[in-house]
Participant: 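This is the structure, below, for whatever I ask next.
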Amino acid sequence: MRNVVRDLVRKVLEECVADGTLQSGQLPAIVIETPAHAEHGDFATNVAMQLAKGERKAPRAVAEVLLPRLVAADIFDRVEIAGPGFINIHLKGDAWQRTLLPLAAAGPDYGKSRSGAGKKAQVEFVSANPTGPLHIGHGRGAAIGDTICRLLDVTGWDVTREFYYNDAGQQISNLALSVQARCLGIEPDDPRWPADGYQGEYIRDVARSYLARETVDADDQHVTADGDPLNLDAIRRFAVACLRREQDQDLTAFDVHFDVYSLESELYSTGKVEGVVQRLIAKGHTYEQDGALWLRTTNFGDDKDRVMRKADGGYTYFVPDVAYHLAKWERGFGRVINEQGADHHSTITRVRAGLQALDAGIPQGWPEYVLHQMVTVMRGGEEVKISKRAGSYVTLRDLIDEVGRDATRYFFVMRKPDSQLVFDIDLAKQQTLDNPVYYVQYAHARICSIFENAAEKGYELPAADKVDLSRLSTPDDMAIIRLLNQFPETVEGSAQNFEPHRITYYLQELAGQFHTFYNKNRVVTEDRELTFARLFLLHCVRQTLRNALAILGISAPEKM
RNA sequence: GCGCCUGUAGCUCAGUUGGAUAGAGCAACGGCCUUCUAAGCCGUAGGUCAGAGGUUCGAAUCCUCUCAGGCGUGCCA
C-alpha cells in the first residue's frame, strides 16, 4: 500500500516538473511515512518541505500546488496540509480492505520480495573452534546468523550458510594434549597436566571414546579412533571430529544448518595462505622488522601495522583470515556477511586492510559485519557467572534443554545485535503470556482454535471473492489490516539492516492487536456474512504470524 | 591512552534511516470472567531521550566535546 501511495505521489511530482509547475528539476527521495497519530491520516509525506528550498517557496505553499493533483487520485479520500508542510493522505475505506485479497492469495509467500533476486550472498556465522561445546554467545550468533539467512532468503537472495573453523592451530594442539592427558589418566591438578589444557568433563568423554576406538560422524568429519594414547596426531583428528559432532548435534537441535564448512588447515594445504603472503609482498605493502614480516595495514585505515609472519616462522591468525576472504570473493559472493561476537571486532579493520592491500578489486566495505554484544544470563534474579576456565558455563545445549528451542531462538534475536542481551531464563521458561514468545505463539493457536470452533458450527474459510470486505470496518479491523500491510516492509527493512529484532517487535504488535480484536469481537456468530468476513481477516492474521515466525525459525503451534 | 558498541519511563528495550504531542512489554495502580483458551483484555500513572554545544524549517536520531558502562587494544584466536 505504501508503495502504491509513493508511486502516486511520484507521478504527481513528475507531472508538475513536466508542465513547469515545479521549477527545480531535482526531485527528492519520496518518503511516505505512517503518521503517529490517526488524525494525521493513513500516510503522510514531507515532499513539500523537501522541495521548499529549491522552489524558493514556503513549504505550505508548495503543498498548495500539489494538493489539487493528489486529490484526483481515486484511492485517496482526502488530502490535507498540516503542520509545517506535511501532506496528510486519507485513503478511501475499501482501499485498505482490498489489500487482504492479495495477502490471502500470496499465502506462505506473503512478505517475500524479489529485491535480492539473482544475487549471491554468503553468511558466515557461529564459526566456533572445535575445542568445546557451543556456549551461549555462539547461541546468539547462531540465532542471529540463521535469521539473517532466512531474511535474505525471503527477499530473494541465493544464500550460502558457512561455518569456518580452525582445526590445526595452537588451540587445537592444546585440545589434543588435554585429551591425551586424560587418556593417560592425568588430572588437571597433576603437574604433568598441559599448561593451557582444557579441563571440562567433555575432554574425559572424548578420551574414553578414543580409547574405545569409536567412529565419529560429524556433518563434515568422519574419523575412527586409533586408540593409541601416544599418537597425538590421531588424537587431534579424533578430538576435532568429536567436538564438531557435538556442535552439529546442538545446532541441529537449534534447527540451524550449514551448507559449507571451511577449515583453516585447507587454506594452508592448498597454498592459499602462502599465495596471499606472496601477493602482499609483491604489492609492496610489507616489510621485515625484528625478524618478523609486517603488513602495512596503516595504509588502509588501521592504527598500527600488523605482523603477518612471526619470528618463529608461523603466520598470525589474520593471514589465513585474509586468504579465506579472498577465496570467498573468488567464489563469487558479491555480498558476504560475517556474524561474530563483538569481542572480535578488531579483526574487521585487519581483514579489510589485507584485502585492500591485495589490490584484487574488492570494494572497501567488503565484507560486511554483524557483531553481537555479550549475553548475560539471569536466573532467579541473579546473574549466572560464566567461567570457561573451570569448564562450567552455560552451553547452548543447556538452554535448549531447559527453555526449549523456540523460546531460546526468540530471546536471542529479541534485541538488536548491538545491544547487550539479558537472557532471563525464568521468563523464557514461563508458560504464560508474560513470556513474549508464548504471547505470539498463543495468538496463532487461538486463531486455530477459533477455526475449529467455526468448523463445528458448519463454517469453512470462505473463498476470497465470496467475502463481503465492507463488514470489516471497525477501528479494530482497520488497525489489524494496516498492521498486516506493514509486514512486507518490515521484512525488507529487517533484511536490509540485518536486524532480526524488528520481526519480533512486529510479531508482538500483531499478536497484541489480534488479542485486542478477540477480546472485543466474537467471530463465530449467527450473522453469516460477518462471520465469514472475520474468519477471512483472521486467516490473514494467522498466515502473517506463520510467515513471521518462520523467518525466526520458530514453530507456529495449532494448540497450546 | 586509543578504537568499537551502548546510555530513552522503576526494570528490559523499540523508535519507520532527520518529522508533527517520544512508544511497547514487564513492574505499580484501577477495572473486566454465563464467552471461540482469563494462559486473556481495557484503562491510569510514569520522561531534563546521560550532559553541553553545533548543523536546519525541524534532532532521541547527524557533527564536536564531556561523563558513565561493556568489549577490544598480542609476533593469541
Participant: Would you indicate what Ala82(A) reaches in the nucleic acid, counting non-hydrogen atoms under 4.0 angstrom: base, sugar-phosphate, or nothing?
Facilitator: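 Here Ala82(A) touches the bases of the nucleic acid.
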Participant: Indicate whether the side chain of Ser113(A) and that of Glu492(A) have a donor and an acceptor atom separated by less than 3.5 Å.
Facilitator: yes
Participant: Could you tell me whether Val422(A) contacts a base, only the sugar-phosphate backbone, or nothing, with contacts defined as non-hydrogen atoms closer than 4.0 Å?
Facilitator: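 Here Val422(A) touches the backbone only, sparing every base.
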Participant: Is C33(B) syn or anti, taking syn as a glycosidic angle within 90° of 0?
Facilitator: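 Base orientation relative to the sugar is syn.
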Participant: Could you list all the side chain to side chain donor-acceptor pair (under 3.5 Å) pairs where at least one residue sits in residues 428-439 of chain A, not counting sequence neighbours?
Facilitator: Glu402(A)-Lys429(A), Gln430(A)-Thr432(A), Gln431(A)-Tyr438(A)
Participant: So Met308(A), base contact, sugar-phosphate only, or nothing? Heavy-atom distance under 4.0 Å.
Facilitator: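 No contact.
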Participant: If you look at every strand shown and take non-hydrogen atoms under 4.0 Å, does Arg446(A) touch a base, only sugar-phosphate, or nothing?
Facilitator: sugar-phosphate
Participant: Using a 4.0 Å heavy-atom cut-off, does Tyr518(A) contact any base of the nucleic acid, only the sugar-phosphate backbone, or nothing at all?
Facilitator: base
Participant: Using only atom types and a distance under 3.5 Å, with no angle test, would you say the side chain of Ser178(A) pairs donor to acceptor with the backbone of Gly197(A)?
Facilitator: no
Participant: Other residues, nucleotides and ligands only: do more than 12 of their heavy atoms fall within 6.0 Å of CD on Glu288(A)?
Facilitator: yes
Participant: Any base atoms under 4.0 Å from Lys416(A), or only sugar-phosphate, or nothing? Heavy atoms, all strands.
Facilitator: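 Sugar-phosphate contact only.
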Participant: Does any pair with a residue in residues 42-64 of chain A pass ring-ring contact (aromatic ring centres under 6.0 Å, His included), and if so which ones, sequence neighbours excluded?
Facilitator: Phe43(A)-Trp96(A)
Participant: Checking all strands, does Ser449(A) fall into the base, sugar-phosphate, or nothing category for heavy-atom contacts under 4.0 angstrom?
Facilitator: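 Base contact.
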Participant: Separation of Phe451(A) atom CZ from C36(B) atom P, in whole Å?
Facilitator: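 Spelled out: CZ on Phe451(A) to P on C36(B) is 17 Å.
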Participant: His37(A) stacking on A20(B): centroids under 5.5 Å, ring planes under 30°?
Facilitator: no
Participant: Mind checking if Gln441(A) touches a base, just sugar-phosphate, or nothing, with heavy atoms under 4.0 Å?
Facilitator: nothing
Participant: Enumerate, in order of first residue number, the stems that involve RNA chain B, defined as 3 or more consecutive Watson-Crick or G-U wobble pairs with both distances under 3.5 Å.
Facilitator: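 Stem list for RNA chain B: B:1-7 with B:67-73, B:10-13 with B:23-26, B:28-32 with B:40-44, B:50-54 with B:62-66.
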Participant: Is Thr432(A) close enough to C26(B) that one of its side-chain N or O atoms is under 4.0 Å from OP1 or OP2 there?
Facilitator: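 For C26(B), OP1/OP2 do not have a side-chain N/O of Thr432(A) under 4.0 Å.
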Participant: Need one value for Asn174(A): base, sugar-phosphate or nothing, where a base atom within 4.0 Å counts as base even if backbone is also close, heavy atoms only.
Facilitator: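 Nothing, no heavy atom under 4.0 Å.
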Participant: Considering only NZ, NE, NH1 and NH2 on the basic side and carboxylate oxygens on the acidic side, decide whether Arg482(A) and Asp42(A) come within less than 4.0 Å.
Facilitator: yes
Participant: What string of B, S and - do you get for nucleotides 55-64 of chain B, 5' to 3', when a contact is any protein heavy atom under 4.0 Å?
Facilitator: --S-------
Participant: Is it the case that Glu509(A) and Gln513(A) place a side-chain donor and acceptor less than 3.5 Å from each other?
Facilitator: no
Participant: Where each residue is assigned the nucleotide of RNA chain B containing its nearest heavy atom, which of Met414(A) and Gln496(A) is assigned the position nearer the 5′ end?
Facilitator: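 Final value for this comparison: Met414(A).
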Participant: For Ala58(A), which contact category applies under a 4.0 Å heavy-atom criterion: base, sugar-phosphate, or nothing?
Facilitator: nothing
Participant: Is the shortest side-chain N to carboxylate O distance from Lys328(A) to Glu124(A) below 4.0 Å?
Facilitator: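 Between Glu124(A) and Lys328(A) there is a salt bridge, with a charged N closer than 4.0 Å to a carboxylate O.
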Participant: Tell me whether Phe86(A) is stacked on the nucleobase of A20(B), counting only the six-membered base ring and applying the 5.5 Å and 30° thresholds.
Facilitator: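 Stacked: centres under 5.5 Å apart, planes under 30°.
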Participant: Mind jotting down which residue pairs meet the side chain to side chain donor-acceptor pair (under 3.5 Å) criterion with at least one end in residues 416-425 of chain A? Sequence neighbours excluded, please.
Facilitator: none
Participant: What does nucleotides 70-77 of chain B look like as a protein-contact string, B for base, S for sugar-phosphate only, - for none, at under 4.0 angstrom between heavy atoms?
Facilitator: SBS-SBSB
